[in-house]
Amino acid sequence: VLGVGAGANYLASDVPAFVEFTERVVYLQDGDVAVVRPDDYAITDRTGAPADRPVETIDWAPEAAEKGGYDHYMFKEIQEQPVSLAQTIEGRVESGLDLSAETLTGVERVQFVACGTSYHAALYGAHQLRSWGVEATAHLASEYSVYPPPTENVLVVGVTQSGETADTLEALSVAGERGATRLAVTNVVGSSAARDCDDTVFIRAGPEIGVAATKTFSSQVATLYLLAREVASVVTDPPAADALNGMAELPEAVETVLDGSRAARLADAYLGEDGHFFLGRGNGVPVAMEGALKFKEITYEHAEGFPAGELKHGPLALVTETTPVFAVCTGRDAGKIESAIREVQTRGAPVVAIAPRTMTDIVEVADDALTVPAVHPDLTPILTNVQLQLLAYHAASSLGRSIDKPRNLAKSVTVE
Ligand code: G6P
């Protein structure tokens, strides 16, 4: 993308990189070449002919892309979640996602394709759909293209906050060649995914500058809950609406987590260990995986996230008193989480439960806890994840890491 400024023009992989300086954007097409100078630019297409690409204005407020007094974008973006989630949800509980009429026509099953944090949101979406009887799978986009699964009557959903991740675009392209209807779930209006897919749902999280995705994950999860509900109401019987009604309470519940979190104190207590394990069951698995990803990418400490049931098939061999275990409980399968907690405690591992404060059995059996308000279990993943975002942030901050730009990582990965 090309950012068109006053006396300066910008080239970047995606809009957040320069939104602080200009809101005027030109979306280049594949094969375009742009010659950019401070005062002007010229674009030619892949044949070398001059190309006239429109200048579009993005509607992100410039202050949304500034640090606003915070030390790091990541912390600011974590704190913004009550507002960004409210934007994501606004009007959609009542009126839906405004999908085009054809998007769900003939759909019997769903395949999500995504990378990184977006893949964890996709896992949540697939889990939610399956809980309502709809066949759904989440695929790592880079692997999807290797052996693409059958796409008959399949809706392929590309989950990508930037809309520019090369592996996700490739998977969507493969799915398109195979005749699937493709829906983009993205944060960026005008992004490649939004342009290439048959239909798009915007997560409306506002610009995210920190390389480690935070508020966009929460908005993806909320959006995928709404999407899952719309798909399920076409494919199976409409699910009960209780979590839907509870969505309006989410921003306030996130605020409560942010205001009362003990994550800063806990983070310091568990630094410099051999490894950090994050466990979950059911819809707590994507949270555990995301918690571990966030932790490793910004602290550079070893972390692994996986379903609690897999402990006994390998990871248990690594559990000692120097492997703190973070056990995510979203309100379901509490008995199974509890037995996993006891299993690792027997090997000496300290356990921190991340759970609704009403789940007293879990909170009491653990050595420490990060609690969240009790909301519908389908929505608890968002709250427990906020605690893990804070944990990773404070741990990385204590270690003096480069939080907004972790080594070797990029915000938008536009190469395969
Ligand atoms: C990079 C970023 C991650 C992100 C992933 C997918 O690896 O560092 O934070 O989750 O890309 O990005 P996307 O824009 O497709 O959601």
Side-chain angles (χ1 to χ4, degrees), residues 1 12-17 19 27 60 72-75 77-78 81 84 88 112-125 138-145 156-173 175 182-197 200-224 227 286-287 289-300 303 305 385 388-389 392-393 396 401-416:
V1 283
S13 308
D14 63 1
V15 174
V19 70
Y27 294 101
W60 284 338
H72 299 99
Y73 281 112
M74 183 185 177
F75 194 63
E77 287 155 5
I78 290 172
Q81 290 176 108
S84 53
T88 301
F112 293 94
V113 291
C115 304
T117 292
S118 296
Y119 171 68
H120 299 146
L123 280 174
Y124 167 88
H139 302 258
L140 286 164
S142 53
E143 287 297 311
Y144 185 90
S145 321
V156 175
V157 181
V159 187
T160 164
Q161 83 73 30
S162 66
E164 302 296 349
T165 303
D167 287 331
T168 306
L169 295 178
E170 168 70 10
L172 286 168
S173 156
R182 294 155 317 142
L183 173 71
V185 174
T186 184
N187 196 30
V188 183
V189 177
S191 60
S192 300
R195 280 183 282 131
D196 295 351
C197 284
T200 304
V201 174
F202 294 104
I203 62 168
R204 309 197 298 214
E208 187 177 71
I209 314 289
V211 165
T214 52
K215 64 175 179 171
T216 54
F217 176 81
S218 295
S219 290
Q220 285 171 334
V221 168
T223 306
L224 292 180
L227 176 67
V287 178
M289 293 172 72
E290 174 58 12
L293 176 64
K294 211 87 308 173
F295 200 85
K296 80 179 81 164
E297 67 184 339
I298 61 167
T299 66
Y300 313 157
N385 185 64
L388 295 182
Q389 292 170 348
Y393 174 81
R401 302 296 190 223
S402 164
I403 292 181
D404 284 333
K405 289 184 187 151
R407 69 181 178 206
N408 306 339
L409 301 179
K411 181 75 182 158
S412 294
V413 183
T414 52
V415 292
E416 281 179 29

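Numbers here simply count residues along the sequence, with the first being 1. Every number for a ligand or one of its atoms is a count from 1 in the order of the listing.
- Under the rule for a ring pair (Phe, Tyr, Trp, His ring centres under 6.0 Å), the partners of Phe295 that lie at least two apart in sequence or sit in another chain are His276, Phe278.
- Near ligand 1, Cys115, Gly116, Thr117, Ser118, Thr160, Gln161, Ser162, Thr165, Val211, Ala213, Ala410, Lys411, Val413 each place a heavy atom less than 4.0 angstrom from the ligand.
- When the salt bridge (Lys or Arg N to Asp or Glu O under 4.0 Å) test is applied to Lys296, no partner is found at least two apart in sequence or on another chain.
- Here CZ of Phe112 is found 12.0 Å from OG of Ser118. Values are rounded to the nearest 0.5 Å.
- Tyr393 meets the side chain to side chain donor-acceptor pair (under 3.5 Å) test with His72; sequence neighbours excluded.
- Between the side chains of Thr214 and Gln389, no donor-acceptor pair of N or O atoms lies under 3.5 Å.
- In this structure, Arg182 contributes its side chain and Leu172 its backbone to a donor-acceptor pair below 3.5 Å.
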